[in-house]
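Let me begin by presenting the structure, written as structure tokens, before commenting on it.
Within every chain, numbering begins at 1; the chains are lettered A, B, ... in the order of the sequence lines, protein sequences first and strands thereafter.
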There are 2 protein chains.
Amino acid sequence: MPHYNLSLLGFGNVGQALACLLMGKQEELKVRYNITFAITAIATGRHGSAFNPDGLDIEKGLAAIQAGESLNELSATSPPSDTIEFIRACGADVLFENTPVSYTDGQPAIDHLRTALENGMHAITANKGPVVHGYQGLKALAEEKGRKFYFESAVMDGAPIFSVFRETLPAANIKSFKGILNSTTNLILSRMEAGESFDQAVAYAQSKGITETDPSGDVDGWDAAVKVCALATVLMGTPIKPDMVARTGIREVSPEKITQATAAGKRWKLMCSAYKEGDTVIAKVVPEMVGAETPFYSIDGTTSIVEFETDVLGKLSIIETDPSPDTTAYGLLADFVNAVR
Amino acid sequence: MPHYNLSLLGFGNVGQALACLLMGKQEELKVRYNITFAITAIATGRHGSAFNPDGLDIEKGLAAIQAGESLNELSATSPPSDTIEFIRACGADVLFENTPVSYTDGQPAIDHLRTALENGMHAITANKGPVVHGYQGLKALAEEKGRKFYFESAVMDGAPIFSVFRETLPAANIKSFKGILNSTTNLILSRMEAGESFDQAVAYAQSKGITETDPSGDVDGWDAAVKVCALATVLMGTPIKPDMVARTGIREVSPEKITQATAAGKRWKLMCSAYKEGDTVIAKVVPEMVGAETPFYSIDGTTSIVEFETDVLGKLSIIETDPSPDTTAYGLLADFVNAVR
């Protein structure tokens with residue numbers, strides 16, 4: 001029975017949810033997929049790090065983090081404090097990279113993932129940055145090393161998007177896609193329909209930990225644009241960067257506009273879209289009014305949707321309802337199992 | 001480069017669309033998947049059959065069928081007229097089974113698929129009958145023979161449903177699902193909303209070849225019930241038969257009811273659903289009014305949708321818009337590539 005040592009880089013909401021899910025699915029993975037594993041390394045930004053080649057005590061680790069304590073005391077040996085050195089030294093078979101996203105250059109996640117692959121690990125991330133800024137290089141390196149670079153949770157959390165095209169739709173070529181990919185703006189627009197001001201809705205999203213203290217990455221459409229780039233780069237074979245996406249955020253969607261839309265039986269949505277034109281992809285992120293005759297109308301709160309037009313199927317849409325860190329964690333677990341089974 | 005001989009059982013709309021698609025994708029399958037193939041056998045119900053171990057001339061075959069002629073003249077040798085003998089003698093690596101569906105016992109498709117597997121072929125079908133009535137036996141036989149029994153197009157045509165759970169969602173367990181799975185009734189209800197009577201809408205569906213001369217398999221919910229059984233059997237590991245599905249068709253949905261629903265901002269849909277209860281699955285097919293707050297409201301005409309609730313994701317929905325025989329054919333092609341790659 002193949003056994004895998006797992007290393008977790010980043011142990012925030014998603015990393016902790018992943019650890020819990022892995023523990024909860026341990027027996028099922030053994031029985032159904034003949035896979036056993038141990039989490040042997042965890043590195044955090046502010047709570048220390050821990051190594052144990054025999055497997056860390058995850059319950060103790062979760063308790064330490066929740067008590068605001070360091071992971072250092074769990075460690076059998078003293079891990080390197082430098083992250084790249086940590087990855088080189090961790091001796092794992094799989095690295096889960098969950099450090100904060102960089103929209104502009106995908107670093108330091110790209111270096112983390114590259115180091116993992118160079119050291120013979122599968123490299124798995126929920127991070128959009130390295131997909132947009134490092135996909136070709138990381139994919140080529142993974143192939144050279146006979147390992148996988150997977151990132152299902154980078155777009156629409158754990159909903160299967162990249163893996164659907166990779167594993168289930170051979171010889172399908174995407175002509176265009178359209179979707180609602182940013183949960184925060186969709187939640188804000190939904191709450192504004194219920195009567196909140198923009199500021200109130202932003203404050204609500206912040207209170208739920210759904211957007212940052214500075215919400216501009218969401219409300220100005222950067223997060224959505226990065227996701228569009230990730231989809232175009234991986235699924236349409238056309239690398240585009242966020243500054244190539246015609247981008248308008250939701251600040252212009254006033255309460256008056258929302259009231260008018262509601263009266264007309266429509267809803268404002270931050271629509272993402274892209275289509276192939278020759279060798280390039282034309283992409284945009286822009287608020288649009290949608291009617292109930294489209295599935296976009298029903299996408300409420302943090303739910304998301306993407307609709308693909310291919311050369312072989314009618315339009316194919318995937319909706320993920322109410323995601324959470326658990327959902328993102330599942331995408332990471334699925335990447336792990338799909339990488340090794 | 002692996003080469004596959006393909007045998008087509010049934011050469012109606014779907015079989016012909018499959019032959020066209022295979023020809024159109026021949027170069028792409030070679031370049032992207034290192035797969036070459038030849039269609040070496042075709043058997044039809046009323047237009048003869050043909051064998052050629054070097055590959056049949058498909059353009060001639062399509063022309064013959066469209067001219068109402070027999071395929072016999074394409075044949076290098078004289079194939080057996082008995083279908084089981086035909087399968088045994090065809091010497092193919094893959095059998096595509098596309099004979100008419102039997103809701104009650106899945107025959108003769110089950111025997112065709114079993115014979116294919118026993119003779120070392122991958123067995124692929126768009127036929128719901130053998131999935132509902134023969135899944136366990138055919139799957140076990142396929143595993144014993146090291147071959148695949150795939151049937152992506154049995155539900156929602158070529159949209160990836162079975163393959164999504166098989167290939168992309170490891171350790172995901174379905175608690176329930178809900179969907180609109182019968183295109184004909186959804187088209188009829190959509191046209192009744194536009195003012196047609198039930199009989200007019202049925203006649204329209206018949207004129208488009210979407211339903212049979214006797215439309216009861218669709219309008220009384222049998223087709224939907226069989227699809228529910230296929231999903232429950234394969235994806236929930238709980239074999240149920242159509243007579244175990246609480247089934248109400250759309251005959252009770254009067255023009256008056258539709259007018260009332262429209263006035264209330266709702267639509268009637270033939271909703272399929274199933275949920276796990278202990279070791280069994282409770283399933284029903286029944287007309288329901290749905291509101292625009294659900295994605296079901298936007299499902300118009302022949303479009304279909306299924307929404308899964310699992311233990312690892314928020315609700316995950318898949319929508320297929322406006323399918324055609326080409327879409328069904330793509331599901332068969334995808335099954336072929338996924339079986340051999």
Side-chain angles (χ1 to χ4, degrees), chain A residues 21 24-25 28-29 32-33 35 152 157-173 265 267 291-300 302-303 305 307 309-324 326-327 329-331 333-338 341, chain B residues 21 24-25 28-29 32-33 35 152 157-173 265 267 291-300 302-303 305 307 309-324 326-327 329-331 333-338 341:
Chain A
L21 182 66
K25 288 287 185 184
E28 191 175 347
L29 294 188
R32 289 179 64 177
Y33 303 100
I35 290 170
E152 188 56 76
D157 314 281
I161 307 291
F162 297 111
S163 57
V164 163
F165 281 90
R166 189 181 70 228
E167 308 289 352
T168 80
L169 297 177
N173 301 295
R267 304 182 77 180
E293 74 283 2
T294 76
F296 305 115
Y297 183 93
S298 69
I299 304 305
D300 198 63
T302 58
T303 294
I305 182 172
E307 174 190 271
E309 189 188 4
T310 67
D311 61 340
V312 287
L313 288 172
K315 282 177 185 162
L316 178 73
S317 306
I318 298 172
I319 302 175
E320 183 189 40
T321 306
D322 288 338
S324 71
D326 293 340
T327 325
Y330 175 70
L333 178 139
D335 278 345
F336 160 45
V337 177
N338 290 332
R341 69 167 162 171
Chain B
L21 182 66
K25 289 287 185 184
E28 191 174 347
L29 294 187
R32 290 179 65 177
Y33 303 98
I35 290 169
E152 188 55 76
D157 314 282
I161 308 291
F162 298 111
S163 57
V164 162
F165 282 90
R166 190 181 70 227
E167 309 288 351
T168 80
L169 297 176
N173 301 294
R267 304 182 78 180
E293 74 283 3
T294 76
F296 306 115
Y297 183 94
S298 69
I299 304 305
D300 198 63
T302 58
T303 294
I305 182 172
E307 174 189 270
E309 189 188 2
T310 67
D311 61 339
V312 287
L313 288 172
K315 282 176 186 163
L316 178 74
S317 307
I318 298 172
I319 302 174
E320 183 189 42
T321 306
D322 288 338
S324 71
D326 293 341
T327 325
Y330 174 71
L333 178 139
D335 279 345
F336 161 45
V337 177
N338 291 332
R341 69 166 161 171

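Proximity to chain A (any heavy atom under 4.5 Å) is shown, for P295(B), by both the backbone and the side chain. Only the backbone of R166(A) comes within contact range of chain B, with at least one heavy atom under 4.5 Å from a heavy atom of that chain. For D311(A), the part lying near chain B is the side chain, with the backbone staying farther off; criterion is any non-hydrogen pair under 4.5 Å. Interface residue L29(A): only side-chain heavy atoms are found under 4.5 Å from chain B. Using a 4.5 Å cut-off between heavy atoms, D326(A) contacts chain B through its backbone alone, with no side-chain atom that close. For A172(B), the parts sitting under 4.5 Å from any heavy atom of chain A are the backbone and the side chain alike. The contact between P170(A) and chain B is made by backbone and side chain atoms together, counting heavy-atom distances below 4.5 Å.
Most heavy-atom pairs under 4.5 Å with chain A: of the set V337(B), L316(B), V164(B), D157(B), this distinction falls to L316(B). Of all the listed residues (A159(A), P160(A), G314(A)), the one sharing the greatest number of non-hydrogen pairs under 4.5 Å with chain B is P160(A). Ranked by heavy-atom pairs under 4.5 Å with chain B, the list I318(A), L313(A), I305(A), L333(A) is led by L313(A).
When each of I319(B), T321(B), T303(B) is tested with K315(A) by the rule side-chain contact (heavy atoms from CB on, under 4.5 Å), just one qualifies, namely T321(B).
With values rounded to the nearest 0.5 angstrom, S163(B) atom OG is found 6.5 Å from L169(A) atom CG. In this structure, OG in S317(B) is found 8.0 Å from CD1 in I299(A), a value given to the nearest 0.5 Å.
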E293(A) and D300(B): CA distance, side-chain angles, deciding distance, side chain to side chain contact (heavy atoms under 4.5 Å, CB included) verdict: CA-CA 8 Å; E293(A) 74 283 2; D300(B) 198 63; over 6 Å; no

Side chain to side chain contact (heavy atoms under 4.5 Å, CB included) between F162(A) and T168(B), intermediate numbers included: CA-CA 9 Å; F162(A) 297 111; T168(B) 80; over 6 Å; no

side-chain hydrogen bond (donor to acceptor under 3.5 Å, both in side chains) assessment of E28(A) paired with N173(B): CA-CA 11 Å; E28(A) 191 175 347; N173(B) 301 294; 3.1 Å; yes

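With contacts defined as side-chain heavy-atom distances shorter than 4.5 Å, the pair T294(B)/S298(A) does not qualify. Between V312(A) and K25(B) the shortest side-chain heavy-atom distance falls below 4.5 Å.
Using a distance-only test at 3.5 Å, with no hydrogens or angles considered, a donor-acceptor pair links the side chain of Y33(B) to the main chain of A171(A).
Across E167(B) and R341(A), no two heavy atoms sit closer than the pair O-NH2, 2.8 Å.
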